[in-house]
Every structure is written in C-alpha cells, then in structure tokens.
Amino acid sequence: MFKKLAVILVLSLSISAYAAEIPVDAKLDYNQGIDFYKLGMYERAIESFRSAVKTYPDYIDAYYNLGTVLEYLKQYAEALNVYKQVYIRNPNDYEVIYKMALMCSKIEDYAKASEYIKLIPSSSSYYQRGIELAESVRMAVDLPPQKPSNPVSRISNLPGVYENILSPTGVTADKDGNLYVATFSDNTILKITPEGKRQVFLKSDLIKGPISLASDSIGNIYVSNYSANNVVKITPQGIASVIVSKVDKPYGLHIEGNMLFITCQGSNSVLRQKI
C-alpha cells in the first residue's frame, strides 16, 4: 500500500541527500504512521503523517502515504489535495498523477480527471491504467448516472436460467450489466450480456481452474486460478495478465476500494493485494 517504509534506526552510506536532510522528528512521526497503519489505527496514522509533513513540508513519502490512507478510507477530496502536494514537488511522478485523476473521477470532477490523464506519457507504466480510467470517465460524461427512486439492476431483467454451462464456479457482473461466469473444467470465462447473449470472454493458457471472479469499478475482472496458484486480471478489452503469483490454492475474491482480498485454502489465510 505504501510507497516507501522509512527506517531510521539503521543508516547507511546509500541514503540519499533527500533522506539525510529530513528532521529526525519528522522521520519518527513518519515511521509511527506506518506502525499505526499496520495496526489498523488509520486515524492515528493520518495524524502521524500530517505531523511529519508539518515538521518537514517537503516530505514527499509522508504526503504519498497520507494520501493513500485517506484514499483507502474513501476520503477522496482530501486524498486529492494531499496527492497534489506530491505533484507540486515531483511533476514526473506518474503514479501520483494517475491517483489524482482517479480521485477526481471518484468525486465526479471528470473534466479535471481527463486533464490529469493527459499528463501521463505512453512510456509510463501507468499509461494503460490511464487509458482504462479515461474510458470510464468518458462513459460517465456521456452517460451521466441516473438516480431513479426505485433503481432496478439490469441483471435482474435477464432470463432466469442459463443451461449447458460446463462446471460453472465463480460469477460477477460489471457496471454495464454484463454477467461473467467462470467454468472450472473448461478454463474459460463466459460473458452474458443484458440481452442474454452468451459469448466466450476469455479462453487462455493463463486461465487454469478458475474458481472465483470479482470486478472493479472500471470493468476489470479478477480470476482466482485454483490450479495455477495465482490471480489473473482481465481488462475490459480482454487482455489478461497475472497480478498475484505463488498463492497457495486461491479461492474467494473480494474488492474493497483499491484492495483485493484473496482467500487461500492451501495456507488457511487471507491475502490483501493493492490493485
């Protein structure tokens, strides 16, 4: 979740001049913020990071981690203001620029989100995420969300039974009402449109024993590959990639904000992964 975990107890000759000039009090507050976060004491973590940047206003890592905690708590407007402090001090931090665009989209400032997305160059590893976010923003602008008094899910209008699906396991849906079904023995992800049309969304060597599916706010689908011991992400365009490897028998998936939770049957544990 955090960009850097500073440790001030052991110093080496490799520490940068930037780190060397940070006051000790600011470093102490920063590390305390890390500790509070690990304990789930998020408000205390926020206080510590704010104290660190108050002591040292150019403490970029403290700003970043403060913004990350605020984002995790869904305080998007505040997170945006904090990320801006990183951008002011490092205009080439494209991860932060992407996060600024994402925060703008969360508070429905789509015009500003588009402006930030355009600042991400094609050479950046965040360029593809920017493209995906831009598509989400475009759809939000072109099709503003409606708020009927009695909202009805588009999925509820689908026919009641889908037959002849080979060993169906996980199921999820995207924001457009498309249904996705994992077929364990066929190593396939099916897509069923709101009109009931069935099609193969993905059949790939990367899909091996799919169990659970989950979808995020911009339409990416996540697959727990029980037989391959990994988790695969599939973009709305059908591009698949392994995002978590060496997971011992991954089973259930759940997405909360920018965090993916994975139940691991082989290790009797739950793994948390930032997405």
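We use all heavy atoms of the structure for the numbers below, so side chains are in, but hydrogens, waters and symmetry mates are not.
- Residues Lys74 and Glu256 are paired through a salt bridge, judged by an N-O separation under 4.0 Å between the basic side chain and the carboxylate.
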I would like to know whether Leu213 and Val171 meet side-chain contact (heavy atoms from CB on, under 4.5 Å); could you show each step before the answer? CA-CA 6 Å; Leu213 300 181; Val171 62; 5.6 Å; no
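- By the rule that hydrophobic residues join a cluster once side-chain heavy atoms approach within less than 4.5 Å of another member, Val244 and Ile221 end up as members of separate clusters.
- For Phe201, the CZ atom sits in a packed shell: over 12 heavy atoms of surrounding residues, nucleotides or ligands are nearer than 6.0 Å.
- Heavy atoms of other residues, nucleotides or ligands lying less than 6.0 angstrom from CG of Asn92 number more than 12.
- With a 4.5 Å cut-off on side-chain heavy atoms, Ile165 and Arg198 count as touching.
- By the 4.5 Å heavy-atom criterion applied to side chains, Phe184 and Ile211 are counted as neighbours.
- Here the closest heavy-atom approach between residue Tyr83 and residue Val96 is recorded as O-CG1, 3.4 Å.
- For the residue pair Ser267/Asp248, the side-chain donor-acceptor check at 3.5 Å is not satisfied.
- Ile189 has its side chain within reach of Ile234: a pair of non-hydrogen atoms, C-beta onward, lies under 4.5 Å apart.
- With values rounded to the nearest 0.5 angstrom, Lys274 atom NZ is found 8.0 Å from Met259 atom CE.
- How far OG of Ser245 is from CG of Asn230: 7.0 Å, rounded to the nearest 0.5 Å.
- At a threshold of 4.5 Å between non-hydrogen side-chain atoms, the residues Val231 and Val223 do not count as touching.
- A side-chain hydrogen bond (donor to acceptor under 3.5 Å, both in side chains) check over residues 115-125, counting only residues at least two apart or in different chains, returns the pairs Lys112-Glu115.
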Are Thr172 and Ser215 close enough, and set up right, to give a side chain to side chain donor-acceptor pair (under 3.5 Å), and what steps lead you there? CA-CA 7 Å; Thr172 190; Ser215 57; 3.2 Å; yes
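- Using a cutoff of 4.0 Å between basic side-chain nitrogens and carboxylate oxygens, Lys233 and Asp216 are not scored as salt-bridged.
- At a threshold of 4.5 Å between non-hydrogen side-chain atoms, the residues Tyr63 and Lys84 do not count as touching.
- Within 6.0 Å of NZ in Lys249 there are more than 12 heavy atoms belonging to other residues, nucleotides or ligands.
- A salt bridge links Arg50 with Glu78: the distance from a Lys NZ or Arg NE/NH1/NH2 to an Asp or Glu carboxylate oxygen falls below 4.0 Å.
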Please assess Arg129 against Glu95 for the test salt bridge (charged side-chain N to carboxylate O under 4.0 Å, His left out), listing each intermediate value before the final yes or no. CA-CA 10 Å; Arg129 290 195 186 186; Glu95 178 183 6; over 6 Å; no
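- No option in Phe49, Tyr42, Tyr30 other than Tyr42 meets the ring pair (Phe, Tyr, Trp, His ring centres under 6.0 Å) test with Tyr37.
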Please walk me through it: do Asp93 and Tyr87 pass side chain to side chain donor-acceptor pair (under 3.5 Å)? CA-CA 7 Å; Asp93 191 328; Tyr87 176 67; over 6 Å; no
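- A continuous path of hydrophobic side-chain contacts links Val82 to Tyr98 [ILVMFWY only; heavy atoms under 4.5 Å].
- Across all non-hydrogen atoms, the minimal contact from Gly209 to Asn187 is N-OD1, 2.7 Å.
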